Trainee: 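Sharing a structure, written as structure tokens. Questions coming.
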Number of protein chains: 2
Amino acid sequence: MTDQETSPAKKSDATRALILDTALRLFAERGYERTTMRAVATEANVSVGNAYYYFDSKEHLVQGFYYRISELHVQACDKVLAGERDFGARLRAVLLRWLEIAQPYHEFGAQFFRNAADPASPLSPLSAESGPAREIAIGVFREVVDGASVKMDPQLRPDLPELLWLYQLGVVLYWVHDRSPDCARTRALVERTVPLIDRAVALSRLRVLRPLIRDAVGVVNDLLRPDQSPA
Amino acid sequence: MTDQETSPAKKSDATRALILDTALRLFAERGYERTTMRAVATEANVSVGNAYYYFDSKEHLVQGFYYRISELHVQACDKVLAGERDFGARLRAVLLRWLEIAQPYHEFGAQFFRNAADPASPLSPLSAESGPAREIAIGVFREVVDGASVKMDPQLRPDLPELLWLYQLGVVLYWVHDRSPDCARTRALVERTVPLIDRAVALSRLRVLRPLIRDAVGVVNDLLRPDQSPA
DNA sequence: GTACTGCCTTGAACACGTTCAAAAAGGAGC
DNA sequence: GCTCCTTTTTGAACGTGTTCAAGGCAGTAC
């Protein structure tokens, strides 16, 4: 229940990293279910118990995946966002980039989200333990918004990155279910919903809509803030 | 992978029902994880193997829960919806009623949604196997819409029930995470989001919003229809 | 050197979901 | 009654995640 080694990293790190790398490789190769802890241990040349010394459970190995994807995504987004100023185009690029990066882990992604949906799991994107990774992910969307030339309800702007992150969560959920070749359907979802969001954001300036938006943002702030919700 | 006894019900039904009842009782008493198949079998006075003769897996026992809740909810909604014509009030009543009915299974609900989020699982609310139960659930929202005196974009009306069902899925997801006493936070979420939806539906008649709504409904129809999406 | 202390490593053992070959219990036809 | 076939029932055995008592293996103090 404890031991979230994010920065202190006391325990010998070489072995830890070796085990994690081995696990992620096997997950990608065979999928999550078909990768046994015994196999991970054997391939990493350690004992089963030793793997459990570094990772509290098989699920905890998955968190490495979450971090890795986030890192790669942030890197990739820096390049992708460089020349583009249009909000919709920026959002689209960021989402499609994520899909590309995560593609090798597609089958495995199902298991990831199975855990993520379990509130008891430390892997839930809303859990305190996922806080740092979540902040990074939301940061990408802050970048998308801040670097874009787009007019919108000023009340919306500070919270839009978080809302976009929630939207991405939805896209990922769809992606996880997606069995179409090369996940074409998920890409279609992005292509069709990004313009909708783009237009909705622009429309947020309409006077009639403002009170609605203000209240909606209020609900998100009061009840959906990860740090205080709902646990 | 087969054997979804929904209507044919060849196998002796008494034993099957006994096992299911026992399981649901134990789930409610001890939670899902702490209820072993051995315990279910013992309490139901059958052998472990026999339980597996009637239910392909422990997860399949959970589907019984899904059906039971749906049934109770539909029944309860008939009464609740009788006198009320206001859309917001109807929606609110239906959602709050669900929370009351599901309350005894709150801890267990976590496990339910863990399964539900797994696309490979037959328990996913979007899966073909959950089709009948889903239709019933959406039917409740159709009833909410049809019996309400509310003006809205006519393009929206046919799809609104399904959208509301998706919204309820979100509420349930929140509820599953909710650790506040008596799930007060989830009830607060309902109290605050229902008026928002009520206003949003009313605003759907605005000319400027119509194209946006039309396209959004189109996306839902093309890409979120359970029967063809995304699998 | 020896002893102590704290980190690391081990693999056997445990718990629980699941499978399976075999046996029991019905039932149909005679 | 007996035979043959299907449905149901059994419990031992298997696979896998996880735990744990025991044992190395530093490094430090003396």
Side-chain angles (χ1 to χ4, degrees), chain A residues 1-3 5 8-20 22-24 26-27 29-65 108 110-112 114-115 118 120-123, chain B residues 1-3 5 8-20 22-24 26-27 29-65 108 110-112 114-115 118 120-123:
Chain A
M1 289 294 160
T2 53
D3 285 324
E5 320 297 348
K10 283 260 311 253
K11 298 171 183 173
S12 157
D13 248 0
T15 314
R16 186 192 170 86
L18 174 62
I19 294 171
L20 182 56
T22 309
L24 290 186
L26 291 183
F27 287 162
E29 278 173 24
R30 326 178 174 173
Y32 181 82
E33 303 282 5
R34 283 187 299 274
T35 303
T36 72
M37 288 301 279
R38 284 167 181 78
V40 172
T42 305
E43 288 269 315
N45 290 312
V46 297
S47 69
V48 196
N50 199 223
Y52 276 92
Y53 178 75
Y54 289 101
F55 297 91
D56 287 348
S57 75
K58 191 180 178 185
E59 285 193 3
H60 278 77
L61 282 168
V62 180
Q63 207 150 27
F65 160 78
F108 167 44
Q111 179 59 37
F112 175 60
R114 161 184 264 266
N115 290 327
D118 178 7
S121 164
L123 301 178
Chain B
M1 287 298 161
T2 52
D3 284 323
E5 319 298 346
K10 286 256 313 244
K11 300 169 181 175
S12 156
D13 247 2
T15 315
R16 185 192 170 85
L18 174 62
I19 293 171
L20 182 56
T22 309
L24 290 186
L26 291 183
F27 287 162
E29 278 174 24
R30 327 177 174 175
Y32 182 82
E33 302 282 6
R34 283 186 299 273
T35 303
T36 72
M37 289 301 280
R38 284 167 180 81
V40 172
T42 306
E43 288 269 315
N45 290 311
V46 297
S47 68
V48 197
N50 200 223
Y52 276 92
Y53 178 75
Y54 288 101
F55 296 91
D56 287 347
S57 73
K58 192 179 177 185
E59 285 194 2
H60 278 77
L61 282 168
V62 179
Q63 207 150 28
F65 159 79
F108 168 44
Q111 179 60 34
F112 174 61
R114 162 184 264 266
N115 290 327
D118 179 8
S121 164
L123 302 178

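We name chains A, B, ... by the order of the sequence lines, and we start the count at 1 in each one. Predicted model only: the values in this text are computed from it and were never measured.
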Trainee: Within the structure, does a side-chain N or O atom of Tyr52(B) lie under 4.0 Å from either OP1 or OP2 of dT18(C)?
Mentor: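 Yes.
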Trainee: Arg30(B) has an atom CZ; how far is it from atom P of dC16(C), in whole Å?
Mentor: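 Atom-to-atom, Arg30(B) to dC16(C), this comes out as 10 Å.
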Trainee: Does the side-chain contact (heavy atoms from CB on, under 4.5 Å) test come out yes or no for Tyr54(B) and Leu20(B), once each step is laid out?
Mentor: CA-CA 9 Å; Tyr54(B) 288 101; Leu20(B) 182 56; over 6 Å; no
Trainee: Using atom OH of Tyr53(A) as one end and atom P of dT10(C) as the other, report the distance to the nearest whole Å.
Mentor: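 Answer to the nearest Å: 13 Å.
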Trainee: Which one, dT18(C), dT18(D), dT9(D), comes nearest to the side chain of Val48(A)?
Mentor: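 Ranking dT18(C), dT18(D), dT9(D) by closest atom to the Val48(A) side chain puts dT18(D) first.
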Trainee: So, is Tyr54(B) near the phosphate of dT9(D), with a side-chain N or O under 4.0 Å from OP1 or OP2?
Mentor: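 Answer yes for this pair, as a side-chain N or O of Tyr54(B) is under 4.0 Å from OP1 or OP2.
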Trainee: Applying a 4.0 Å non-hydrogen cut-off, can you work out what Val46(A) is touching in the nucleic acid: base, sugar-phosphate, or nothing?
Mentor: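 Result for Val46(A) = sugar-phosphate.
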Trainee: Gly49(A) or Arg34(A): which one's nearest nucleotide on DNA chain D is closer to the 5' end?
Mentor: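 By nearest-heavy-atom nucleotide position, the 5'-most residue is Arg34(A).
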Trainee: Yes or no on side-chain contact (heavy atoms from CB on, under 4.5 Å) for Leu61(B) and Phe27(B), after CA distance, side-chain angles and deciding distance?
Mentor: CA-CA 10 Å; Leu61(B) 282 168; Phe27(B) 287 162; 4.2 Å; yes
Trainee: Could you grab the distance from atom CG of Leu26(A) to atom CE of Met37(A), nearest 0.5 Å is fine?
Mentor: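 Leu26(A) atom CG to Met37(A) atom CE measures 11.0 Å (nearest 0.5 Å).
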Trainee: Nearest-nucleotide wise, let me know which of Asn50(B) and Thr36(B) is further upstream toward the 5' end of DNA chain C.
Mentor: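 Looking at DNA chain C, the more 5' nearest nucleotide goes with Thr36(B).
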Trainee: What's the CE-P distance between Met37(B) and dC20(C), to the nearest Å?
Mentor: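 That distance rounds to 16 Å.
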Trainee: Whole angstroms only, please: what is the OH-P distance between Tyr32(A) and dG15(D)?
Mentor: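 Distance, rounded to whole Å: 20 Å.
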Trainee: What is the distance from NE2 of His60(A) to P of dT19(D), rounded to the nearest Å?
Mentor: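 Spelled out: NE2 on His60(A) to P on dT19(D) is 11 Å.
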Trainee: Can you name the residues that form a salt bridge (Lys or Arg N to Asp or Glu O under 4.0 Å) with Arg34(A), not counting sequence neighbours?
Mentor: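 Result, salt bridge (Lys or Arg N to Asp or Glu O under 4.0 Å) vs Arg34(A): Glu107(A).
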Trainee: Any N or O donor-acceptor pair linking the side chain of Arg38(A) to the base of dG15(D) at under 3.5 Å?
Mentor: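 Not at all, since no donor on one side and acceptor on the other fall under 3.5 Å apart.
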Trainee: To the nearest angstrom, how far is Lys58(B) atom NZ from dA15(C) atom C1'?
Mentor: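 Going from NZ in Lys58(B) over to C1' in dA15(C) covers 11 Å.
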Trainee: From the list dG17(C), dT9(C), dT18(D), which nucleotide is the closest neighbour of the side chain of Ser47(A)?
Mentor: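 Among the listed nucleotides, the one closest to the side chain of Ser47(A) is dT9(C).
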